[in-house]
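The chains referred to below are lettered A, B, ... by the order of the sequence lines, with proteins before strands, and numbering in each begins at 1. Below, each value reflects all heavy atoms present in this structure, side chains not excepted, and no hydrogens, waters or symmetry copies.
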Number of protein chains: 2
Amino acid sequence: MDTSKMGSSDKLLLAALHLIAEKGYNGVTTLEIATAAGLSEKTLFRHFGTKQKLLEAAFDRYHYAEEMKKLFAEKLVWDLETDLLLVSTTYHEIMNRNRKMIQISLKEDEGQLPGFRTRTQKHPQQLLEILTNYFIDMSAKGKIVATNPELHAFTFIMMHFGAFMNDLDSQKSYPGITLAPFVQESIQLFARALRP
Amino acid sequence: MDTSKMGSSDKLLLAALHLIAEKGYNGVTTLEIATAAGLSEKTLFRHFGTKQKLLEAAFDRYHYAEEMKKLFAEKLVWDLETDLLLVSTTYHEIMNRNRKMIQISLKEDEGQLPGFRTRTQKHPQQLLEILTNYFIDMSAKGKIVATNPELHAFTFIMMHFGAFMNDLDSQKSYPGITLAPFVQESIQLFARALRP
DNA sequence: GAAAAGACTGTCAGTACTTACTGTCATCAA
DNA sequence: TTGATGACAGTAAGTACTGACAGTCTTTTC
């Protein structure tokens, strides 16, 4: 990331996000953050007042909160494999954009970060609804057998949630396995399992 | 957990494990840990010398490291649904036994916890091997079609890893969905998808 | 075009609080 | 007597945060 043209506030927010995601809120000092941003500690406090407010500002600034429904409203074509691919890639895109925020939510407990976790959980919940309804509709169209649409949807999302989580830390558990083939595999698996 | 009959060391180790898993290493003080254990802070240091050594001792004491291969050596019966159920339940059992350790590994970065992460990742890696070989053998027996055994295995594990992670924080993303039906669903899904 | 004003930043010294960790001595049970 | 513990006081280091002052750069004003 080229920070040379950014304002001081943005430099600080980015540095805070990176460092807190990596070492946790209590694991980073305000001096570290300021230094990483190429600024003095004093400037940090002039901009944000407290360390807490800095974190909150970073969360507000870099949290992506599009309405999931819009993302799918007109893009579904009612072909199972095509649509599942859309869902998968969209899911991973959004999760990756919110990667740092998710890491922070994982590390810190809710007491100190009011509302952070609910915000990071918003997307997955919306997606579950959408996918459940999709399976119901596809079943009504006779294109799949959906004995338990919500559980199907949940299972599909858990697969991708697991893969995303596994990918989160650079210290990967399963080296040599990349995301793209996995996405393909997950879709074929569902396509074959739900075929009427 | 009834701690009344335990020795002081064990009380401290347990308290440390609980609190660090909940609030992170830097989020808990030695005084908190000692108080939670019903002992004085002094006793904590008499037993473990430093806070770091306390955490390391807790990890050593409560980390379950059975050889996965033994768990499956004679239990597989070469019926897909039966065996997948065994794999799933064993996986969740082990992950749940190591729950606190996994939470700690997630919160703390590797720099401060030498070797912790590799230990928590040992089980998943072993399981991937076992399951891959299982799919290869089942394919050779003509009982399933395994176009890409390792990717099948990876996908199956990611499903359950995702479900486990989702279950980790009490602040669940998906209330109302419990583990048992999900396990059942995941197995049926694979059974139908891999049927020759 | 020069001067003045204002916005932003760095340096440095310092405060107040927390916290890991120690030393001493008394207590108490086996 | 011995071994484990608690109460208490205290040290040393780290850290969030403040105040005072000076420097630089841009913008405004004459």
Side-chain angles (χ1 to χ4, degrees), chain A residues 1-61 104 107-109 111-114 116, chain B residues 1-61 104 107-109 111-114 116:
Chain A
M1 177 94 52
D2 178 33
T3 60
S4 59
K5 286 184 130 184
M6 299 190 327
S8 295
S9 283
D10 282 333
K11 285 187 206 167
L12 288 164
L13 291 173
L14 261 191
L17 213 56
H18 285 132
L19 287 173
I20 295 177
E22 187 185 334
K23 316 213 289 183
Y25 181 79
N26 289 315
V28 189
T29 69
T30 50
L31 180 59
E32 275 182 280
I33 295 172
T35 306
L39 297 164
S40 75
E41 197 186 5
K42 184 81 204 178
T43 302
L44 186 157
F45 283 103
R46 272 198 272 250
H47 278 259
F48 299 102
T50 71
K51 191 184 175 188
Q52 270 285 340
K53 284 183 190 164
L54 169 63
L55 174 55
E56 284 161 22
F59 229 83
D60 287 339
R61 178 87 167 73
I104 293 176
K107 282 183 210 285
E108 310 305 325
D109 63 344
Q112 313 228 2
L113 312 189
F116 283 24
Chain B
M1 176 94 53
D2 177 33
T3 60
S4 59
K5 287 182 125 184
M6 300 190 335
S8 295
S9 282
D10 282 332
K11 285 187 207 167
L12 288 165
L13 291 173
L14 262 190
L17 212 56
H18 285 130
L19 287 173
I20 295 177
E22 188 186 334
K23 318 212 286 181
Y25 181 78
N26 290 314
V28 189
T29 69
T30 51
L31 179 61
E32 275 183 279
I33 295 172
T35 305
L39 297 164
S40 74
E41 197 185 5
K42 183 81 205 179
T43 302
L44 186 157
F45 283 103
R46 270 199 273 252
H47 278 259
F48 300 101
T50 71
K51 190 183 176 188
Q52 270 284 340
K53 284 182 188 165
L54 168 64
L55 173 57
E56 284 161 22
F59 228 83
D60 288 338
R61 177 86 168 72
I104 293 176
K107 281 184 209 286
E108 310 304 325
D109 64 343
Q112 313 227 4
L113 312 189
F116 283 25

Does any non-hydrogen side-chain atom of A:L54 lie less than 4.5 Å from one of A:T30? no
Among B:L14, B:V28, B:T35, whose side-chain contact (heavy atoms from CB on, under 4.5 Å) with B:L19 holds? B:V28
Nucleotide N/O to protein N/O under 3.5 Å, stretch nucleotides 22-26 of chain C:
{"from": "C:dG23", "atom 1": "N7", "to": "B:K42", "atom 2": "NZ", "distance (Å)": "2.6"}

Please name all residues satisfying side-chain hydrogen bond (donor to acceptor under 3.5 Å, both in side chains) with A:S8, sequence neighbours left out, ordered by chain then number. none
Among residues at least two apart in sequence or on other chains, which ones pass side-chain hydrogen bond (donor to acceptor under 3.5 Å, both in side chains) with B:T29? none
In whole Å, I'd like the distance from the CG atom of B:L54 to the P atom of C:dT19. 16 Å
Applying side-chain hydrogen bond (donor to acceptor under 3.5 Å, both in side chains), can you list everything that pairs with A:K107, at least two apart in sequence or on another chain? none
B:I33 CD1 - C:dA20 C1' separation (whole Å): 11 Å
Do A:Y25 and A:Q52 have side chains that get closer than 4.5 Å, going by heavy atoms? yes
Name the residue closer to the 5' end of DNA chain C, choosing between A:H47 and B:V28 according to the nucleotide with the nearest heavy atom. A:H47
With sequence neighbours excluded, tell me which residues meet side-chain hydrogen bond (donor to acceptor under 3.5 Å, both in side chains) with B:E32. B:K23
A:L17/A:I104 under side chain to side chain contact (heavy atoms under 4.5 Å, CB included): CA gap, chis, key distance, verdict: CA-CA 8 Å; A:L17 213 56; A:I104 293 176; 3.9 Å; yes
Give the first and the last nucleotide of DNA chain D, reading 5' to 3', that has any atom under 4.0 Å from a heavy atom of chain A. D:dT15 to D:dG19
